[in-house]
Protein chains: 2
Amino acid sequence: MTGSEPAAAPAPLPAAPGPRRRHPEDTKERLLDAAERLFAERGFEGASLRAVTHAAGTSVSAAHYHFGSKEALLVATIRRRAEPVVRARAARLDEIERRAGAGPLPLEEVLDAFLRPIFEERARPERSDDFRRIAARLFSDPPRVVASLKREVFGSTAERFLDALARALPEKPRMLIALDLQFLVGVMVHVTSGHLRDVPAPRGWPRLEGLSDDAVLGRMIEFVAAGLRAPRRSLR
Amino acid sequence: MTGSEPAAAPAPLPAAPGPRRRHPEDTKERLLDAAERLFAERGFEGASLRAVTHAAGTSVSAAHYHFGSKEALLVATIRRRAEPVVRARAARLDEIERRAGAGPLPLEEVLDAFLRPIFEERARPERSDDFRRIAARLFSDPPRVVASLKREVFGSTAERFLDALARALPEKPRMLIALDLQFLVGVMVHVTSGHLRDVPAPRGWPRLEGLSDDAVLGRMIEFVAAGLRAPRRSLR
DNA sequence: GTCTATAGTTGGATAGAC
DNA sequence: GTCTATCCAACTATAGAC
């Protein structure tokens, strides 16, 4: 679908500035937008640099000029989205810890601080579908770069939230918190990667697409909070 | 790297049967094994057919002879693992429904029927690492084939478990069950895809690799059962 | 900064010998 | 059924004009 009309006639517009060729300085941004969309849809290896640059209305060499390599373009794409999320999470957690003083942290608020920034990043009008699977691929894509990038970008966040959860659930063994946090991450990745939108939806069952982000986020927090509070009977 | 040593001298072994060239009829199996491992490690587009056939000790043309295309090889790879899981889930659910008669279904048993078969398939000695991400990629890989295959293979399972969960939680609105089931799927995918093994593990925190499958499965059931039972305050 | 042109690899798929 | 040899398309990356 994308990338049809290979050698289309010049647009019927009077001058040269067709649909492409806007301000020259935002070529970098357009490349990042196109890369985000195509890497998310087809995977890193599945989306060729040519397809990305064509979707961005520019050329392969422009991409190499701005980023140096296809891999570096992927890193820049992920970093652009991940960093605001990391900052927003940290800011929310700062505020929660400030209000709590030396006392225990309220669990639901900690979870909200962890989950809401992803929804808000995803919810930007132009980006809702672009952002869809990019986070999920962070967790299932093989490229070596992505593994180290994941650590670099999310490492400190994971540490802070482990400690925050330990403060929210003081009685709970750390091993159990660490394990449950992985369950929480699984829920987050699955939901934010957009799978709610292509669920088979059996006959007679309600469809989930209509749910607002707020409704999903709210229920997600209820769900994982209950899971985190569930007493353990197994696990040693 | 692949396909080096173009005209290597014959192996110093006495006869012909080197490390490759075993029983000719299990070439198909060896191809499936290699494809499973490499598709899981590098993704479908990231693993070349040449790399797969080389790992299987055979040739590209053998793969085309047996499967017809790279895409068909992927489908066969997934199908080989998915079908036993689907059958085992159905069998366990049959048994639960038989024992329950007309009464409500016990939630933890339904969850066990859903989750345990995946662990057992993954736990086969030779397959534990091969199977790792293959299920997860079902949910994040872009190829069109995979989407339709997912429906074909797991569609009926999803329907049956939705109904089973409705029978286990009779008071619960269906919309909420459908949403919570997606959370459950997220947990399942994340855990079975092996991410527990490459968690950063912050300083002072216990590592999760040592946990047995039984311990993880047991806690997972506790976690999602509590989530499923959590009353809703949000969601309309 | 952005383009055209091209280098140099590697990809999936096939033909035909055995 | 499995191999070798080959086709051709697509890929990343670079060089050099403008």
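Protein chains get the first letters and strands the later ones, always in sequence-line order, with residue 1 at the start of each.
Rounded to whole angstrom, the span from the NE2 atom of B:His66 across to the P atom of C:dG12 amounts to 18 Å. The nearest whole Å value for the distance from the CD atom in B:Glu45 to the P atom in C:dG12 is 10 Å. At whole-Å resolution of the value, NE2 in A:His54 and P in C:dT4 are 11 Å apart. The nearest whole Å value for the distance from the OH atom in B:Tyr65 to the P atom in D:dT4 is 18 Å. Spacing between atom CG of B:Leu73 and atom P of C:dG11 amounts to 15 Å, rounded to whole angstrom units. Atom-to-atom, CZ of B:Phe67 to C1' of C:dA13 comes out at 16 Å; the value is rounded to the nearest Å.
Exactly one of A:Thr192, A:Val187, A:Val110, A:Ile221 qualifies for a side chain to side chain contact (heavy atoms under 4.5 Å, CB included) with A:Leu115. That residue is A:Ile221.
B:Lys70 places a side-chain N or O within donor-acceptor distance of the main-chain N or O of B:Phe44, the cut-off being under 3.5 Å.
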If you restrict it to nitrogen or oxygen atoms, what contacts under 3.5 Å exist between nucleotides 13-18 of chain D and the protein, and what is each distance?
residue, atom, partner, partner atom, Å
D:dA13, OP2, A:His64, NE2, 3.0
D:dA13, OP2, A:Lys70, N, 3.0
D:dA13, O5', A:His64, NE2, 3.3

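For D:dT2, neither phosphate oxygen OP1 nor OP2 lies less than 4.0 angstrom from any side-chain nitrogen or oxygen of B:Thr58.
When the side-chain contact (heavy atoms from CB on, under 4.5 Å) test is applied to B:Asp163, the partners found at least two apart in sequence or on another chain are A:Trp205, B:Arg174. Annotation: side-chain contact (heavy atoms from CB on, under 4.5 Å) contacts of B:Arg79 (sequence neighbours excluded): B:Val75, B:Glu83, B:Leu149, B:Glu152.
Scanning both residues, B:Ala113 and B:Leu93, for their nearest heavy atoms gives CB-N, 4.2 Å. Closest approach of A:Leu49 to A:Ala63, counting heavy atoms only: CD1-CB, 4.2 Å.
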